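Remember, it's a predicted structure, so these values are computed and weren't measured experimentally. Atoms within each ligand, like the ligands themselves, are counted from 1 in listed order.
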Amino acid sequence: MSEVRVRRVDAVLGAEVEGVDLRALDAASFAAIHRAWLDHQVLLFRNQRLGDGDLVAFSRRFGDLDEAPVQETGQRFVEGMPEIYVVSNVMRDGQPIGSLGSGEAVWHTDMSYLPDPPKASALYALEVPAEGGDTWFCSMYAAWDGLPAALQRRVEALRVKHDGTYNSGGYVRQGVAPTGDPRTSPGTLHPIVTLHPETGRRSLYLGRRRNAYIDGLPLAESDALLDDVWAHATRDALTWRHRWRAGDLVLWDNRCTMHRRDAFDASARRVMHRTQIKGA
Ligand code: SIN
């Protein structure tokens, strides 16, 4: 076994894993990484040299992979690799090679508008700007634990509609007609409070704020309650900010985290490849 070292970052979630080459992991090293991922929610691996095949192979150790959603232009990403989703602002022949552009990507958990969202995402940095484009993570265990007791009681049995109209960059998803009414927009209802199937811990599950709706409440009441819960859940104290270097792989647990990305200079290049591991 290579010597897997797990070092907590200075935040409520997140750890850096050192001493591993993700292209060559034995069973004991993988078991240590899996344990660390459940314990810390987000893992950072620096200095990796991964081709798309390596990224897919590492991700598959956690379970079956989802096919990547089509990009905002309606095109697929990497020929022959349906699992790879490209996050990039780079243009080729007048077309973006990936999704999300160079603007801010707001707080979200991946694909929560689906009935069975992916349990995990792995994002690998190929090219990064000198500044900007940092990705922030937020612990949804800590968000639940830190919610005032009255608010916990209020939301405990409620379900929230996770809107499928917009992605986190604010772009309309392929094939969807945008509507401003969250009660009728496409999406899925999920309980606001969930039990993590592997750790047994309680967590808030909020998805995205835009077009979210608490089932059964008048719209204004739903908005006020969601604003309150979101303000608690995204406090700086619950977050960790990651400044990317090329060769970083970050793996996160969508069941107990959210993430957002800072904007960056549109003339800089940022190219990231992502996989998603099926939930349930
Ligand atoms: C994402 O939201 O999956 C992408 C995050 C990033 O670009 O850092």
Backbone, side chain, both or neither: what part of His108 comes under 4.0 angstrom of ligand 1, heavy atoms only?
-> side chain
Nitrogen or oxygen atoms of Arg270 and ligand 1 under 3.5 Å apart = yes
Under 4.0 Å from any heavy atom of Val87, which atoms of ligand 1 are there?
-> 7 (O)
Under 6.0 Å from the CZ atom of Arg245, do we count more than 12 heavy atoms belonging to anything else shown?
-> no
Closest protein heavy atom to atom 5 (C) of ligand 1, given as residue, atom name and distance to 0.1 Å = Leu123 CD2, 3.9 Å
Which heavy atom of the protein is the closest neighbour of atom 1 (C) of ligand 1, given with residue, atom name and distance?
-> His259 NE2, 3.5 Å
Would you say the side chain of Arg243 lies within less than 4.5 Å of the side chain of Val128, judging by non-hydrogen atoms?
-> no
Option with minimal heavy-atom separation from atom 8 (O) of ligand 1, where the choices are Thr135, Leu100, Val250 = Thr135
Residue, atom and distance of the protein heavy atom nearest atom 3 (O) of ligand 1 read Arg274 NH1, 3.0 Å
So, for Tyr205 and His190, is the gap between ring centers shorter than 6.0 Å?
-> yes
Ring pair (Phe, Tyr, Trp, His ring centres under 6.0 Å) assessment of His242 paired with Phe137 = CA-CA 8 Å; His242 175 53; Phe137 296 91; 7.5 Å; no
Per side-chain hydrogen bond (donor to acceptor under 3.5 Å, both in side chains), His259 is matched among Thr109, Asp110, Thr135 by Asp110
May I ask you to check whether over 12 heavy atoms, not counting those of Glu131, lie within 6.0 Å of atom CD?
-> no
